[in-house]
Amino acid sequence: MLRFVLRRLVLVLPVLLGMTVMMFIIARLLPGDPVALAAGPNATAAEIAAYAAEFGLDQPVTVQYWRYLSGLLGGDFGVSIFSRRPVLDDLLTYLPATLELVLAAMFLAVVLGIPAGLAAAVWRNRWPDYLGRVAALAAISMPRFFLGLLLQLGFAMWLLWLPLGGRFPIILEPPPLVTGFLTLDALIAGDGTAFATACRHLAMPAIAMCLSPLATIMRMMRASTIEVLQQDYVMTARALGLPARQIVFKYVAKNAVSATLTVIGLYFGWLLGGTVLVETVFDWPGLGLYATQAIVSQDFMPVIGVAMVIGLLFVLVNLVVDLLYGVINPKVRYS
Amino acid sequence: MTHAVASARGQALRRGWFRFRQSGLSMLGAALVVAVLAIAIVGPWIAPFPGHVAGGVDTANRFLAPSLAHPFGTNELGQDVLSLVLAGTRISVLAGLGVVVLGTLFGTLVGAVAGFAGGWTDEVLMRLSDLKLTIPGLILAMAVAAALGAGLLNMVIAIALSWWPGYARLVRGEVLARKEEVYVAAARAIGASPARILFRHVLPNIVSPVVVKMSLDMGFAILTVASLGFIGIGVRPPTPEWGTLLSVSRSYMPDFWWTAVFPGLAMFVAIFGFNLLGDGLRDVLDPRARR
Amino acid sequence: MALLEIRDLHLAMRSFDGEAHVLNGIDLAVERREVWGLVGDTGCGKSLTGLSVSRLVPTPPGRFLAGEIRFEGRDLLACPEAEVAELRGTGIGMIFQDPTTNLNPAFSIRTQLVDVALSAARRDPAILEGARGRAAQAAAERLAAAMLDRVGIPDAAARLGDYPHEFSGGMRQRVLIAMALIGRPDLLIADEPTTALDVSVQAQILRLIRAMVEEFDMGVLLITHNLGVVAQSCTHVAVMYAGNIVESGPVRAVLTTPLHPYTRALLQAIPTRGVVRGALRGLAGAVPNLIAPPPGCRFAPRCPRATDACRAAVPPPRGEGHRVACLHPGDRDA
């Protein structure tokens, strides 16, 4: 199993390498002049040239790429031409916020989506099933940013129940940094108020983000449950008198979840890339907002950095999913 | 024999249409899609205030709440929101269509080349499409769109660039499957070109899955276009693109909620329609997905 | 009072082409310590008869038209579902054909056996000697190990934690038998329990079932298409054709002096050691369409002895003990 994990991790390398190449192509071969943008509207040609030289942007693309790659080996993700800050520092600052949001959304999606799919399959072709299917399709069709705005309108502006955006009020002292997840850090510090505050900030963005994976997980779970319900062993379990509840929630659910796992893994990556919109709406200080600002100013080092972090996380999550298969399905052996 | 095949296909179509009509949701989706397409065609002409669509402003009537004269109210420039939403339909549908069509064409080309060439060409192209699975599509599209500069066409190209891998896999799989069939091997033996095999044997077999995928993707493409507009990359005002409208008007919430809510609803309805239709089509055309 | 008594059972199944009359008046009585073989072609309704007893025929598409299924005197068709569910596992145990698909692949056999034992013990605490709570779990595990040992799984206690795919086909069927018997059922319905197994393993499994009949004082309904299996392990046999029991009785009587033309045809289709090349007979014709069956005897279209009377009405079963539903039964010396 260790070999399985190592081999999968080694396979990530070409993907990451390809990612850097692609981003360099986009950054350097497409029109657009990031240096002029960064140097400011009033910069003279000489100033722009000096600026470019400072970041090595006057060099041929191949040289730039080579420098970037050799930097990467030492953990150097380059420097933002705007803030002049090392990209790695920024990534480490913003990553926990995004991860906390994505994990919260995924948690909601899994916890609600799996029972919903199970229920839809058990009540197949009856009204709870129809209702669930329409709701799922509607949820997939709902733009996350529009849902975010509606939530803000309802819960933050009219009802005044939840904060409009942000991750933690600036005027308050955040819990001491341990994991970078404010909710967890607050719990570790035993600070109930801070935990509640963090949760209240997390609620709307997480809901806006969880809807579409929730719907997909539900649809997947429904399909695989229907398939499992037709298996012989379900008939045997019924014939030997196991209670219907136990059959569905224990025996059927475990088999059906394994097919749904793949979707969960794929969706995780999709969510990481899709935080951009929700983070913009809720002013959530994460990778998406960071990437958006970098993209708008055509500051490419941060963009490559974000893409690589997300790609790496995506691969890791799918590795975890594959390992989970082994837990759920005893037949899977890693060789 | 050709006749028999044709009538069998006709019967399958009739049966499919029957099943499709049985499902109220599919019919609702079809109705929504027809309505959206109709508005996309005639929208700019039926807009009550065509001047506003062209960028005209009416500062005396800023932020009017929804009324009979302005069912969706007016925005910060005094423009009729209904007119903007109607005109925006064409932009969103055109952009979505552009993305899906470009993605399909490019994906088909890549898939066909990979499938026929095999070897390292296949390997490289397929790894490239794997890469697209790992790089978040939205961020890629954003980066390309920002580098290309603002504009509807640039945005469509940028999104289409992250759209082709799904189609490429579909076509490649079919090419590989067909290549093994005896009649295709025979056709190749007597000198049929890859293009002929592609058009005669491969493409006809994947029309159904591609159509299903295109209709399902259409909703998602419209969503992506609106997302870029919302973030502020892509189409710029005064072009009345839905996402852009939403992005501008969110700063006027909650007092002038109508400026944001109606463009958002239009977006939702259009995407929902395409998704309902695509789901219904898949149930009819793709027997494996039927449950 | 018989353990199981089926009277005039009629079942229809809705299909794409219409409603098929798949069970057409089944009469059958099983006593404790009797092993009844139910034989017939594929699609003759023998499996549905077995499923009907546990009320596991899905309705719809199934529909019971008439008849009674009396289990210890109680008519199961008239009982609410909850009452029938109480009987599954404790009153009636079942084994199915394919041991590879009838065990849940995602759970150890310990979990599967223990759950059946616990749910049976909720209705009959004597199964776990009245143990409750945590003690019940431990008792159920002990019982599971004992049952595995009893059905001949070597080193049973150590193998409790194994998953189904770690057992061979024959061993899996033994596990399923243990699972079916763990709730001490009075009636065991075994639907083709040996069909998916190697011939050498088949005999072992049949011997095991035979042995269990004495030990558990139960009745068995053994559904099979194989007359060899019936000869080897049954005390009684009922021959089905197209939804009817055409002949039934003690196994020796029926197999040595078959009276119904269909039973004879079945026996002639079995190769024996002394068979002469060319003497093996198949049966001409096909099973009738059950959606619009012919009015009379359903075997009449393929029967060499059929007369107009046969085609007019279904012949009622006649005789005591060895019963046959035929107007022109063969002679005992034929």
Side-chain angles (χ1 to χ4, degrees), chain A residues 1 114 117-118 121-127 129 220-221 223-262 264 321-335, chain C residues 50-51 53-58 81-82 84-109 111-124 161-166 172 175-176 178-183 185 188-189 191 196:
Chain A
M1 184 168 130
I114 285 184
L118 215 59
V122 170
W123 284 303
R124 184 183 174 197
N125 290 338
R126 280 187 279 167
W127 69 264
D129 182 28
M220 195 67 213
M221 190 66 192
S224 53
T225 303
I226 287 173
E227 208 170 298
V228 172
L229 280 174
Q230 289 158 354
Q231 298 293 317
D232 288 346
Y233 52 78
V234 175
M235 179 61 107
T236 299
R238 286 181 60 203
L240 295 184
L242 288 188
R245 221 175 329 121
Q246 191 176 29
I247 294 177
V248 171
F249 289 113
K250 183 172 179 180
Y251 286 95
V252 172
K254 192 175 176 188
N255 284 282
V257 157
S258 72
T260 313
L261 261 184
T262 320
I264 296 177
V321 164
D322 285 356
L323 292 178
L324 273 181
Y325 271 128
V327 176
I328 288 189
N329 183 354
K331 255 195 237 179
V332 176
R333 287 284 174 270
Y334 308 100
S335 49
Chain C
L51 289 175
V53 174
S54 298
R55 280 260 304 266
L56 287 171
V57 175
E81 160 67 21
V84 183
E86 293 276 286
L87 286 176
R88 296 188 192 125
T90 44
I92 304 167
M94 291 191 86
I95 313 169
F96 296 97
Q97 175 171 346
D98 189 349
T100 49
T101 58
N102 278 294
L103 282 167
N104 193 318
F107 291 86
S108 68
I109 59 165
T111 313
Q112 303 187 46
L113 284 165
V114 163
D115 277 347
V116 173
L118 288 177
S119 91
R122 271 192 287 277
R123 288 167 252 153
D124 180 7
D162 286 357
Y163 286 85
H165 70 272
E166 292 167 287
R172 276 181 232 178
V175 172
L176 279 161
M179 216 155 114
L181 295 183
I182 206 165
L188 178 69
I189 298 171
D191 190 350

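Owing to the predicted nature of the structure, the values given are computational and were not obtained by experimental measurement.
Ranked by heavy-atom pairs shorter than 4.5 Å toward chain C, the options A:Val228, A:Val234, A:Thr236 are led by A:Thr236. Ranked by heavy-atom pairs shorter than 4.5 Å toward chain A, the options C:Asn102, C:Leu176, C:Thr100, C:Val116 are led by C:Asn102.
In this structure, C:Gln112 and C:Met179 approach most closely via the heavy-atom pair CB-SD, 4.1 Å. Heavy-atom minimum distance, A:Met235 versus C:Leu56: CE-O, 3.9 Å.
Only the backbone of C:Leu103 comes within less than 4.5 Å of a heavy atom of chain A; no side-chain atom from C-beta onward does. With a 4.5 Å cut-off on non-hydrogen atoms, C:Thr101 touches chain A through its backbone and its side chain both. For C:Leu87, no part sits under 4.5 Å from any heavy atom of chain A, backbone or side chain. Only the backbone of C:Ile92 comes within contact range of chain A, with at least one heavy atom under 4.5 Å from a heavy atom of that chain. For C:Glu86, no part sits under 4.5 Å from any heavy atom of chain A, backbone or side chain.
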Under 3.5 Å, side-chain donor or acceptor atoms of residues 245-252 of chain A against the rest of the protein: list the pairs with distances, not counting sequence neighbours.
residue	atom	partner	partner atom	Å
A:Gln246	NE2	C:Asp115	OD1	3.3
A:Gln246	NE2	C:Asp115	OD2	3.3
A:Lys250	NZ	C:Asp115	OD2	2.7
A:Tyr251	OH	C:Thr111	O	3.4
A:Tyr251	OH	C:Asp115	OD2	2.6

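In this structure, C:Met94 and C:Leu188 have side chains that are not in contact, with every pair of non-hydrogen atoms separated by 4.5 Å or more.
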Inset, instruction - Mind running side chain to side chain contact (heavy atoms under 4.5 Å, CB included) on C:Ser54 and C:Ile189 for me, showing each step along the way? - result: CA-CA 9 Å; C:Ser54 298; C:Ile189 298 171; 4.1 Å; yes
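When only modelled atom types and interatomic distance are considered, C:Asp124 and C:Thr90 share no side-chain donor-acceptor pair under 3.5 Å.
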